[in-house]
Amino acid sequence: MSRTRKRLDIDTFVARLAAAYPLWRAPIITFIANRGATPFEILVSTILSLRTKDEVTGGAAARLFATARTPEQVLALGEAEVARLIYPVGFYPTKAKRLMEISRMLLDVHRGEVPDTMAALLALPGVGRKTANLVLVEGFGRDAICVDTHVHRISNRIGYVRTRTPEQTEMALRRKLPRRHWVRYNELLVAFGQTLCRPQSPHCSRCPVSDMCPRIGVTRSR
DNA sequence: AAAACGGGGGC
DNA sequence: GCCCCAGTTTT
């Protein structure tokens, strides 16, 4: 490891990625984009997406929203029917149960509305920091950083942060990353992580920022 | 810190 | 067929 390596220039990094993903706009979860989705739909979509590929999640969300787009409608549908509709997203029995609990709680505690604070979102069953931040960004237009495994892995791989947990990554990015880059960095790293900067075998030969990456030649690539 | 929770897709 | 992938809760 060279000690003369220069610090990562985050402006150049973001600009290079943006040039490489010119059509990428807005969605941290792809299928949420440009549909005028309500905060409840965004929350439900995000729950469905956890540890599940976007294509699978999109189908499940479409089937569910065809009949239920509000907490009342989800409750009316019933847990078994919700489970049937969202299959085959990962952990679908647990998610069906959570969606019932969340809908109940939104009605009982939040007058049927999705709350717009981190604390209130985290108090919902099945909602962790990733989900809460995603709802804040996509549903309420807040400046938040939604750290999924892509953001966590790549932020560390390029040496921009050195952290153990996603929460530590979130806090480090809030300190280091200029606020004007938050959403863009977030969106681009998800796209980048899904396509090129894979966990085990990143496609370094096609990577637009490989020359800025201290892990090139260290991470097993192809 | 590590297991549990269910599935899809790539190889 | 086996390994990789993706958050939150619980032990």
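Every heavy atom of this structure was used, including side-chain atoms; hydrogens, water molecules and symmetry mates were not. Numbers restart at 1 for each chain; the letters A, B, ... are given by sequence-line order, proteins then strands.
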Peer 1: Does P166(A) reach a base, just sugar-phosphate, or nothing at all? Heavy atoms under 4.0 Å.
Peer 2: nothing

Peer 1: Using the side-chain contact (heavy atoms from CB on, under 4.5 Å) rule, take V161(A) and L177(A) through it: C-alpha gap first, then chi angles, then the decisive distance, then the call.
Peer 2: CA-CA 10 Å; V161(A) 302; L177(A) 185 62; over 6 Å; no

Peer 1: State the dot-bracket string of DNA chain B. Criteria: Watson-Crick or G-U wobble, both atom distances under 3.5 angstrom; notation: ( ) intrastrand, [ ] crossing earlier pairs, | interstrand, . unpaired.
Peer 2: |||||.|||||

Peer 1: Taking R129(A) for the side chain and M118(A) for the main chain, is one N or O donor matched with an acceptor at less than 3.5 Å?
Peer 2: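 A pair under 3.5 Å: no.
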
Peer 1: Mind telling me whether F13(A) and Y185(A) have parallel, tilted or perpendicular rings, with 30° and 60° as the class edges?
Peer 2: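 Y185(A) and F13(A): tilted rings.
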
Peer 1: Are R180(A) and D11(A) close enough for a salt bridge, meaning some N to O gap below 4.0 Å?
Peer 2: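 Counted as a salt bridge, because a side-chain N and a carboxylate O are separated by less than 4.0 Å.
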
Peer 1: I86(A) has an atom CD1; how far is it from atom C1' of dC5(B), in whole Å?
Peer 2: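 Distance, rounded to whole Å: 13 Å.
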
Peer 1: Atom CG of L99(A) and atom P of dG6(B): how far apart are they, to the nearest Å?
Peer 2: 14 Å

Peer 1: E167(A) CD to dA1(B) P: how many Å, rounded?
Peer 2: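 Between P of dA1(B) and CD of E167(A): 14 Å.
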
Peer 1: Without decimals, in angstroms, what is the distance between Y92(A) OH and dC5(B) P?
Peer 2: 13 Å

Peer 1: Work out how far the P atom of dG8(B) is from that of dT9(C), and round it to whole angstrom.
Peer 2: 24 Å

Peer 1: Which pair of heavy atoms, one from L196(A) and one from C207(A), lies closest together, and at what distance?
Peer 2: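 Shortest heavy-atom separation between L196(A) and C207(A) comes out as CD1-CA, 4.1 Å.
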
Peer 1: May I ask you to check whether over 12 heavy atoms, not counting those of Q73(A), lie within 6.0 Å of atom CD?
Peer 2: yes

Peer 1: If hydrophobic clusters are built from ILVMFWY residues whose side chains come within less than 4.5 Å, do L188(A) and V147(A) share one?
Peer 2: yes

Peer 1: Using a 4.0 Å heavy-atom cut-off to protein, can you give one letter per nucleotide of nucleotides 4-11 of chain C, 5' to 3': B if the base is in contact, S if only the sugar-phosphate is, - if neither?
Peer 2: SBBBSS--

Peer 1: Could you walk me through whether R104(A) and E101(A) pass the salt bridge (Lys or Arg N to Asp or Glu O under 4.0 Å) test, one step at a time?
Peer 2: CA-CA 5 Å; R104(A) 181 81 267 156; E101(A) 296 169 348; over 6 Å; no

Peer 1: Determine the interatomic distance between P on dC5(C) and the same-named atom on dG6(B); round to the nearest Å.
Peer 2: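 Roughly 22 Å separates the two P atoms.
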
